[in-house]
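One structure below.
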Amino acid sequence: MLPQADSLIILDFETTGLSPNLGDRAIEIGAVKIESGQVVDTFQELMDPGFLISSFIQGYTGITNSMLKGSRSCSTVMYEFADFIRGSNLVAHNASFDKRFLEHELELVSSPHTGGEFACSLLLARRIYPNAPSHKLGELITYKNIPAKDGFHRALFDAEMTAKLWLKMIEDIKIEYQLAEVPFKLIMRICKAPKGSIGKVIEKWIRVHVNG
DNA sequence: TGCCAGGCCCTCTTTAGGGCCTT
């Protein structure tokens, strides 16, 4: 079944390190699917990278080598995830990081990237909350008073928190600029807008797409 | 041998450097 036109998937990878180019692999994927502003589906799975992960990553994520030993391989999981994201636009916090791993893992299983455009909640937060003390995911959750239990650095939890932050940012944009909807293409433009020019970007969008 | 990410963004910038953010 094809996703709705406004279907959006917020995802988060836990990995063995920072760079797939240096041999790092994904060890967990978590994602939530949002349609019409509501969470309609989730995806979470650990993945065995085929080698032991460092004590730093075990401490950082809470994911241990024994947990990964009984898990399915990256390739098996990524085949299923490619199907999960098919046709949906994507969001991640610091998307350049997750995009690199997504494309790398899909390339390893010779599966084409089936998602749509990839937006970054970090770039959006920097635009609309320039005065936030930090733009780390956890700090933004606190800054916007979004309820959260302690569970950061696990994939589904971080994806769920990013989804809540994303919906909050959309709501704040709607209120600030008196918009009924905030299309994904407009968000992409806001993310790329120079500092302090969001108002002009949105005004132009309204002129062209709302007022005709 | 030793080192090793990469994109964004700011400023003491643009012929550069360093902090932020992700694991």
Side-chain angles (χ1 to χ4, degrees), chain A residues 9-32 43-65 67-68 71 74 77-78 81 85 90-108 113 115 117-144 146 148 150-166 168-169 187-201:
Chain A
I9 287 176
I10 291 96
L11 62 90
D12 182 69
F13 278 106
E14 302 306 316
T15 70
T16 64
L18 293 172
S19 175
N21 287 338
L22 296 180
D24 288 317
R25 298 294 304 272
I27 56 174
E28 188 180 40
I29 177 67
V32 300
F43 189 106
Q44 181 185 33
E45 184 129 1
L46 291 168
M47 294 175 270
D48 185 353
F51 55 85
L52 295 176
I53 64 173
S54 70
S55 57
F56 172 79
I57 293 297
Q58 291 185 75
Y60 186 82
T61 63
I63 298 169
T64 63
N65 281 303
M67 290 165 68
L68 294 174
S71 303
C74 295
V77 175
M78 289 310 295
F81 191 64
I85 64 175
L90 307 174
V91 172
H93 200 68
N94 200 9
S96 65
F97 175 85
D98 293 278
K99 189 168 186 273
R100 275 200 304 278
F101 276 95
L102 176 66
E103 290 178 346
H104 183 72
E105 293 295 345
L106 289 177
E107 190 179 322
L108 288 175
H113 175 32
E117 290 191 276
F118 214 141
C120 178
S121 56
L122 169 63
L123 292 186
L124 185 61
R126 279 178 176 163
R127 297 297 188 286
I128 68 172
Y129 307 137
N131 298 321
S134 161
H135 294 92
K136 289 180 182 176
L137 178 59
E139 299 288 330
L140 285 166
I141 292 296
T142 302
Y143 180 67
K144 296 310 296 181
I146 296 170
D150 187 23
F152 285 103
H153 306 310
R154 285 300 299 268
L156 182 58
F157 185 90
D158 282 3
E160 287 173 336
M161 289 301 106
T162 304
K164 287 184 178 180
L165 174 65
W166 183 263
K168 177 65 178 166
M169 291 194 289
I187 295 170
M188 294 297 287
R189 292 194 188 185
I190 293 172
C191 288
K192 293 173 184 171
K195 185 185 177 186
S197 67
I198 302 173
K200 288 181 181 175
V201 169

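A quick note: this is a predicted structure, and the numbers were derived from the prediction, not measured.
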- [ ] Looking at every strand, decide which applies to A:Asp12 at a 4.0 Å heavy-atom threshold: base, sugar-phosphate, or nothing.
- [x] sugar-phosphate

Open item on the list: If I pick the P atom on B:dT15 and the same atom on B:dC21, what distance separates them, to the nearest angstrom?
Closed with: 28 Å

Open item on the list: Does anything in residues 119-137 of chain A form a salt bridge (Lys or Arg N to Asp or Glu O under 4.0 Å)? List the pairs, not counting sequence neighbours.
Closed with: none

Task: Partner residues of A:Thr15 under the side chain to side chain donor-acceptor pair (under 3.5 Å) criterion, sequence neighbours left out - done: none

TODO: For B:dA5 and B:dT23, measure between their C1' atoms and round to the nearest Å.
DONE: 11 Å

Open item on the list: Within the 4.0 Å heavy-atom criterion, would you say A:Phe13 contacts the bases, only the backbone, or no part of the nucleic acid?
Closed with: sugar-phosphate

Open item on the list: Tell me whether A:Lys99 is salt-bridged to A:Glu103, with the criterion being a basic N under 4.0 Å from an acidic carboxylate O.
Closed with: yes

- [ ] Verify the contact: side-chain N or O of A:Ser134 to OP1 or OP2 of B:dC20, cut-off strictly under 4.0 Å; return yes or no.
- [x] no

Task: Distance, rounded to the nearest Å, where A:Lys136 contributes NZ and B:dT23 contributes C1' - done: 13 Å

- [ ] Take the protein atom OH of A:Tyr60 and the nucleotide atom C1' of B:dT22, then report the distance between them rounded to whole Å.
- [x] 7 Å

Open item on the list: Distance check needed: B:dC21 C1' versus A:Lys99 NZ, whole Å only.
Closed with: 17 Å

Open item on the list: Without decimals, in angstroms, what is the distance between A:Ile57 CD1 and B:dT22 C1'?
Closed with: 11 Å

Open item on the list: Under 3.5 Å, is there a donor on one side chain and an acceptor on the other for A:Ser19 and A:Asp24?
Closed with: no

TODO: Could you check how far NE2 of A:His135 sits from P of B:dG19, rounded to whole Å?
DONE: 18 Å

Task: side chain to side chain contact (heavy atoms under 4.5 Å, CB included) against A:Ala119, all qualifying residues, sequence neighbours excluded - done: A:Val91, A:Trp166, A:Phe184, A:Met188

TODO: Measure the distance from NE2 on A:His104 to P on B:dT23 and round it to the nearest whole Å.
DONE: 18 Å

- [ ] Give one of base, sugar-phosphate or nothing for A:Ile27, where a contact means two heavy atoms less than 4.0 Å apart.
- [x] nothing

Task: Euclidean distance for C1', B:dT14 against B:dC8 (whole angstrom) - done: 16 Å

Task: Spacing between A:Phe152 atom CZ and B:dT23 atom C1', to the nearest angstrom - done: 16 Å

Task: C1' spacing across the pair B:dC12 / B:dG17, given as an integer number of angstrom - done: 10 Å

Task: Spacing of A:Leu102 atom CG relative to B:dT23 atom C1', expressed in whole Å - done: 16 Å

- [ ] With sequence neighbours left out, write down each residue that passes side chain to side chain donor-acceptor pair (under 3.5 Å) with A:Arg154, or none if nothing qualifies.
- [x] A:Glu28

- [ ] With sequence neighbours left out, write down each residue that passes side chain to side chain contact (heavy atoms under 4.5 Å, CB included) with A:Lys144, or none if nothing qualifies.
- [x] A:Tyr129, A:Ile146, A:Leu165, A:Lys168, A:Asp172

Open item on the list: Is it the case that the side chains of A:His93 and A:Ser121 hold a donor-acceptor pair, with the cut-off being a distance below 3.5 Å and no angle test?
Closed with: yes

Task: Atom P, compared across B:dC20 and B:dG2: separation rounded to whole Å - done: 30 Å

Open item on the list: Walk along nucleotides 4-14 of chain B from 5' to 3' and tag each nucleotide B, S or - by protein heavy-atom contact under 4.0 Å, base first, then sugar-phosphate.
Closed with: BBBSSSS----

Open item on the list: Taking the P atom in each of B:dG18 and B:dT13, what is the distance between them to the nearest angstrom?
Closed with: 13 Å

